Structure formats: structure tokens, C-alpha cells
Amino acid sequence: MVQKPLVRRRRPSSLAASSDGVPGEGSGVSRRRTFTARRGFIILAFFLPAALFVGVFTYYPIVSGAQMAFRRWQLSNLIDNPWVGFHNFVTIFTDPSFGTIALNTVIWVVASLVPQFIIGFALALWLRRRFRFRGLYQALVFFPWAISGFLIGILFRWMFNGEFGVINDILIKVGLIDKGIPWLADPTTAMVAVIVANVWYGVTFFAIIILAALQSVPEELFEAAALDGASRTRTLFAVTVPYIATTLALTVLLRVIWILNFPDIIWAMTGGGPANQTHIVTTWMITMTQNGNYGIASALGLIIVAILMVFSAFYLLAIRPNKRQIG
Amino acid sequence: MKFTRKVAAGVGVALACVTVLAGCSDDSGSGSGGTVTLQMVESLTNPARTTLLKSILSDFEKAHPTIKVELVSPPTDQADNKIQQMLQAGSGIDVLEVRDLTVGPFSTNKWLYDMTADMKDWAGWADFTDNAKAVSTTSGGTYFISSGFYGISLFYRKDLIQKAGFSEPPDSWDDLLTQATKIQGSAPNTYGYAFRGGKNGYTNITLAIEAYTADDIDLSNAYRLKNGSSMFADPRALAATKAYLNLFTNASPPSAVAWGYPEMVEGFSNGSVAFLLQDPEVIATLAQSTAITKEQWTTAPMPVGPTGKSIQPIATGGWGIAAASTHKPEAVKLIQYLSSADASLKFTQGNSMVPVIRGADKGDLYKTGPWQSYLTMNAAPTKYISASQPRGVSWWTDWGTKADADIQSVLINKMTPEQLLAGWDKYWTDKWASGAK
């Protein structure tokens with residue numbers, strides 16, 4: 001019986017060859033120096049373009065933008081930008097609208113996410129079944145995701161128009177209301193309207209991702225569940241959901257980040273009105289930018305980043321046991 | 001050897017990339033044969049206007065074979081932000097559309113070229129009206145040459161006011177309230193007034209306040225009275241505000257809290273609304289309406305206040321040159337061409353604007369139909385008083401955002417008219433006291 005060596009002998013690498021092409025066996029110090037310099041140079045050569053690209057186009061703007069948050073940076077005078085410490089943050093937190101805007105942001109995320117998830121999941125389950133023209137149905141369902149959010153906002157703004165909008169027209173015709181509701185004129189109904197538009201838009205995203213995950217579940221598992229006599233509901237919660245739990249969790253995380261960073265629909269439908277009552281943090285940031293208050297807009301950007309980082313950390317910690325369970 | 005070749009190849013590719021990128025970033029605009037290409041960006045974009053502008057630019061290129069003009073037309077809502085980014089970057093822009101709203105911050109930040117010296121002996125000034133010359137030389141220099149004016153008039157439905165028993169359109173804000181209230185609900189989906197509660201809603205309420213305080217308005221700053229205080233502090237401002245808000249309560253669609261420009265124009269254009277306060281550019285839009293005929297509507301002068309006067313807050317825009325432009329002499333030639341009598345008239349008439357060329361408003365176009373009200377207003381300067389709103393200040397956008405939100409707060413009963421006016425008075429008084437520009 002031939003015993004395998006415990007430690008595999010390393011194959012001489014071409015990178016480890018000395019300049020004369022002979023493997024540098026037994027030439028201690030000089031071999032290590034030559035090897036390190038060349039290997040290091042090549043690693044650097046491969047690493048540098050990507051690092052430069054990311055550094056110039058991603059990190060420099062982030063850092064540059066972040067330092068604006070600590071300066072008085074206003075359109076009225078962009079030449080003189082003195083350091084003001086946390087003054088921009090104090091301005092934000094003491095603004096009378098801040099409480100409403102923070103609450104709106106939470107409502108916007110939660111009230112958009114939950115229906116998007118449930119309807120998207122249901123759609124994905126439905127589209128997973130084989131039926132005639134399934135491809136066509138899938139294309140139709142996924143189509144909204146290809147449209148600009150701002151355009152969707154403009155379309156829904158007209159649909160929710162109190163006098164000329166199709167939503168009121170339908171509701172009156174089916175007898176649910178007697179006269180048109182001025183949807184975008186009242187803070188509560190305006191918030192409902194923008195969330196409805198966002199739910200319509202975001203359902204597609206969940207449907208796409210969840211359908212892809214569902215298609216990865218082996219048929220054998222469903223057959224085994226059927227043999228064990230599991231009902232459809234039991235199969236859904238005992239087989240399907242646990243199998244795709246990681247995808248679901250990460251999709252929810254991504255969606256929370258995107259919804260929070262998605263001002264397009266609100267901006268196009270209400271512009272944050274009436275009376276700032278439908279603003280979320282990101283639409284407020286746009287308003288500040290348009291007003292020329294770049295320092296405050298940048299501070300709002302940093303606050304959003306901080307919120308999302310904290311949320312992501314807690315969320316990933318919370319879903320960790322599930323990952324183990326699936327693994 | 002292999003290693004050396006790889007490194008050499010890598011360096012070669014990198015150099016090639018740098019060369020290509022450098023080629024791409026060449027913004028000198030100097031082409032072959034001494035041709036200069038000017039980058040021009042417009043702000044108040046709409047498709048018909050862009051087509052018109054392109055045809056004028058084509059005429060310019062024919063007259064100046066060594067100069068080409070590339071027109072960039074961002075969507076109106078984003079145009080000024082886009083222009084600002086280009087000016088900040090200091091490249092890719094030679095000629096730009098400067099508005100009375102942007103000339104203040106743009107010139108303060110030294111992004112605009114002062115054309116005073118270039119325009120000193122320009123013969124075209126002789127054709128300009130006094131107003132056009134005045135607005136083109138404010139802000140401490142010649143940072144833009146006005147291309148036209150946007151005045152306000154009252155669009156109204158002739159048939160609806162007749163049905164309601166009125167023989168004449170409203171002359172005053174009180175008349176407007178009376179007529180609009182009577183028309184409201186007189187037929188299904190019929191409303192009196194296209195109330196502007198959404199974006200830029202503050203522009204209409206300030207018209208009402210100015211009309212009520214017209215006797216004492218400081219003509220160089222239509223937000224201030226001759227005694228130096230803001231017009232919002234005057235008791236007449238409260239009466240004007242209440243009258244104006246009654247137009248919403250008694251004579252407007254409830255969802256007008258959120259109505260901006262598109263909804264107002266759509267409401268009038270689809271035949272639902274009887275009165276609309278708007279710029280003359282709406283004339284071209286309404287001419288294309290399939291719901292109302294040209295015989296059904298026309299315009300009247302702006303409503304006057306209790307003393308029979310109103311303030312005409314003339315808005316304007318024009319053509320300026322980026323301070324960072326490397327083709328200033330060619331850019332000056334372009335602006336002088338655009339501002340010459342023929343090109344300017346073509347632009348203002350095709351774009352439904354009040355002309356900057358002296359005597360142009362005597363032409364047939366301005367004597368008939370919806371344009372007539374502008375002649376009426378110009379013919380009675382003591383009744384329809386021309387005054388400048390402080391639109392050039394750097395905080396104008398900030399003011400607009402605050403004022404819009406405040407009006408909506410009043411409309412949804414979260415603020416009283418008294419609180420609204422007190423807040424506005426404090427805002428402007430503080431700004432003026434701070435010496436900010």
C-alpha cells in the first residue's frame with residue numbers, strides 16, 4: 001500500500017521561475033525576492049485598472065459628496081463653502097416636517113413591500129404552472145419593470161386625477177362611490193395613491209425573482225411530499241418556502257433598499273405634496289437639491305446610507321439561522 | 001521574454017485607451033477647416049419650440065458657414081439642473097438659455113460671461129424695446145439677451161359666461177369670483193376656475209395680492225411696498241388672500257389642491273373649466289384642442305384689484321454665454337443673430353411670446369383674437385402696471401417650494417391665511433435684512 005504524502009509538494013509555478021527560466025530551487029533569499037516582485041507587479045497590474053475605475057467613479061464621488069454634508073454648500077454661493085460640522089444634520093432633525101417625512105418613509109417601504117411580496121409570490125406560483133401561452137403571460141406580467149418609474153408616476157397622476165381620472169370613473173361606474181375622490185388633494189388618499197402605483201410597479205420584481213427560485217426546486221421534493229400526503233398548503237410552507245428561503249430573504253433586503261431609494265413615483269405624482277405630506281426622505285433630498293441646498297441634500301443622503309447599513313446588518317443577522325437550516 | 005511581452009502589450013493597450021479617451025474628451029469644438037462647433041442648451045423645451053429654434057439655427061449656419069451649432073434640449077423640468085451641472089463642470093456648453101430665475105445664481109457663481117463689452121456697439125439694441133433692454137442688462141452686467149416675455153392673461157370661455165348671464169369677461173378679482181362661482185356646477189363636470197394649488201401655485205396668489213396693493217407697490221421689486229415693508233404684511237394682502245382662497249372653495253375642482261400646469265391647461269382645454277390664468281404660450285396649445293373651438297374662448301386682461309389696478313409681473317428668458325466657453329466671439333455672433341429683428345420675431349411669434357422687438361406688437365397677429373388682451377394691457381400702463389418680481393434672487397426656488405407647501409397647508413386646513421402671510425412676510429423681511437442676493 002502506497003502511503004500518500006501528508007503535504008503535497010508544490011508544483012513549480014511559471015510565476016516562480018527565475019529570470020533565466022530555471023526553477024529557483026534552493027536559492028533561498030534571491031528566489032523569494034524575485035518571486036515577490038514579479039508576482040506583486042502582476043497582481044498590481046491586474047488589480048490597478050479595476051481599483052482605479054471603482055475609485056474614480058464610485059468612491060471619489062461618494063467621499064466628495066459625503067464631505068459636502070459637513071459644509072455650507074448652497075447654489076447661492078458655490079465659491080465659498082465653509083466647514084459647518086453637523087449643522088446640516090441639525091437643520092434636518094429640527095425641521096418641523098422631519099417627523100412626518102420619517103414616518104412616511106417607513107409607511108412607504110412597509111406598505112409597498114408587503115403587498116408587492118404577497119402578490120408577486122402568488123403570481124410566481126401561478127406562472128410556474130404549465131399552461132397555454134404561459135410565455136406570453138409572463139412577458140405581460142414582467143413588462144412594467146421595463147418602464148421608467150417617473151413615467152409610471154405621470155401615468156398614475158392622471159389616473160388618480162379627481163376630475164378626469166380613470167380610477168374615479170371606474171369606481172363610480174361599479175357603484176363604489178357616488179362622486180369622484182380628490183385622491184391627490186388629501187394627504188391620506190395621496191399616500192394611498194402613490195403606494196398603489198408602487199405596488200403595481202414592484203410586484204413584477206418579486207414575481208421575476210421568485211419564479212426563478214421556484215424553478216430551481218427539484219420536482220422530486222414535490223413528489224415526495226405528495227407521497228407523504230402533504231396538502232398544497234403544507235407543501236408550500238414545508239417544502240417550497242424553506243427551499244427558496246435564502247432567495248426570498250435577499251430579495252426582500254434588496255427591495256427594501258430599492259423602495260427606500262425610489263422617489264420617482266412620488267415625485268411625479270405629488271411632488272411630495274399636498275403640503276409636504278407625502279414626502280419621503282429621498283423626495284425631500286430632491287427638493288433640497290432643486291432648492292440649491294446641496295449640503296443638506298448630501299446630509300440626507302448620508303442619513304439614508306446609515307439607515308440602510310444598520311437595517312441590512314440587523315436583517316442579515318436575523319435571517320442567519322434560516323440560512324443554516326437550509327444549508 | 002513572455003512576461004516582458006505581456007507587460008508591453010498591457011502598456012500598449014492602456015496607452016491606446018488613454019489616447020481614445022482623450023480624443024473623446026476633446027471639447028475644443030474646433031473641427032477641420034477652421035469650423036467651430038458651438039454647444040447650445042435650451043431650458044424651456046417643448047417639441048414645437050425646439051423645431052422652431054432648429055430652423056433659426058439652420059439659417060444662422062447658412063449665414064455663418066464656419067460655425068456649427070449643436071442644440072441640446074433637455075426636458076423642461078430637468079433643464080436648469082442639467083445646465084447648472086454643465087456650467088459647474090466648465091465644459092460642453094457655449095451658449096445657454098438663461099432665465100430670470102437662474103441669472104442670479106448663475107452670475108453670482110461666475111458661470112456666465114458678461115457680454116457688456118461685446119454688445120456695447122451692437123446695432124440690434126436700436127430694435128429692442130426699453131423693457132427688453134432693461135431686463136437684459138440687470139444683475140450687474142449683460143449676462144443674457146432677452147428672447148421674449150411671458151405675460152399673464154385671463155383665458156375664458158365666451159360661451160360659458162354668456163350662458164351664466166354675463167355679457168363681459170371679469171375685470172376684477174371680485175368679478176372673477178362672482179362669474180366663476182355662478183358657472184361652477186352649472187353643468188356636469190363644469191368648473192369655474194382652474195385653481196393652481198400644486199407646483200408654482202404661489203405665482204397666482206401673489207398676483208392677487210399685488211393687484212390689491214398695486215397703489216403702493218415698489219415697481220423695482222413687486223414683493224415690496226414703497227415704504228420698504230413686504231406686501232405680505234399689508235392688511236390688503238389678507239383681503240386678497242381670502243378672496244383668492246374663495247375661488248378655490250366656491251369655484252374650483254376639489255382636486256385642484258394638487259393641480260399644476262398640466263392639469264390646469266388640460267381642464268381648460270377639455271372644456272371643463274371656464275377661467276384660466278396663464279402665459280400666452282397656452283394659446284398655441286389651445287388652438288389644437290378638439291374639445292373647444294376657437295370661437296368658444298379668448299383672453300381678457302389680468303384681473304384688477306379694488307382700486308382698479310393690477311401688476312404685470314413680466315417673466316423673461318434669453319440667450320447667454322458660459323464663462324468657460326472657448327468660443328466666445330462665435331457665441332456672441334450667434335446671440336446677436338438670434339436677437340436680430342427677423343430671427344427674434346420668428347421665434348416670439350412661433351412660440352406665442354410677447355416680442356422684444358420694438359413695434360412688433362403692432363403687427364396683425366397681436367391685434368386679433370387671444371393676443372388682443374396684451375395690446376389692451378400695454379395701452380393702459382397706469383391700470384396694468386409693469387413691475388419686476390424679485391425672480392433673480394438665488395433663493396427664488398427655495399421660496400417657491402416653501403410658498404407652494406404653505407398654500408397647500410392652507411387649502412387642507414393645516415394653516416390659516418394669517419399664518420401664511422405672517423410666514424411669508426418674515427421670510428422676505430429676513431432675506432432682505434441679511435443682504436443676500
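Quick caveat: nothing in here was measured; it's all calculated off a predicted structure. Chain naming here is simple, since letters A, B, ... match the order of the sequence lines and numbering starts at 1 in each.
- The distance from atom CE of A:Met288 to atom CG of B:Asp398, rounded to the nearest 0.5 Å, is 7.0 Å.
- Contact record, B:Ser272 with A:Phe164: OG-CE2, 3.3 Å, taken as the closest heavy-atom pair.
- Contact of B:Trp396 with chain A is not made at all, since no heavy-atom distance falls under 4.5 Å.
- Looking at A:Thr270, there are no atoms closer than 4.5 Å to chain B (heavy atoms on both sides), in backbone or side chain.
- At a 4.5 Å heavy-atom cutoff, the contact between A:Gln277 and chain B is made by side-chain atoms alone.
- For A:Pro187, the part lying near chain B is the side chain, with the backbone staying farther off; criterion is any non-hydrogen pair under 4.5 Å.
- Neither the backbone nor the side chain of B:Asp406 has a heavy atom closer than 4.5 Å to any heavy atom of chain A.
- In summary, the side chains of A:Glu163 and B:Ser255 do present a donor paired with an acceptor at a separation below 3.5 Å, with no hydrogens or angles considered.
- Note on B:Pro262, B:Ala256, B:Gly198: by heavy-atom pairs under 4.5 Å with chain A, the leading option is B:Pro262.
- Counting all heavy atoms, side chain and backbone alike, A:Arg157 lies closest to B:Gly260 at NH2-N, 4.1 Å.
- If you check the side chains of B:Thr397 and A:Asn291, you find no donor sitting under 3.5 Å from an acceptor.
- The most heavy-atom pairs under 4.5 Å with chain A, out of B:Pro253, B:Gly197, B:Ala258, come from B:Pro253.
- Minimum interatomic distance between B:Ser409 and A:Ala275 (heavy atoms only, all atoms of both residues): OG-CB, 3.2 Å.
- Once rounded to the nearest 0.5 Å, the distance linking CG of A:Asp186 with CG of B:Leu411 reads 12.0 Å.
- If you measure heavy-atom distances from A:Trp158 to chain B, the contacts under 4.5 Å come from the side chain alone.
- Contacts of A:Asn293 with chain B are made by side-chain atoms alone, with heavy-atom separations under 4.5 Å and no backbone atom involved.
- Only the side chain of B:Tyr191 comes within contact range of chain A, with at least one heavy atom under 4.5 Å from a heavy atom of that chain.
- In this structure, no portion of B:Trp399 lies under 4.5 Å from any heavy atom of chain A.
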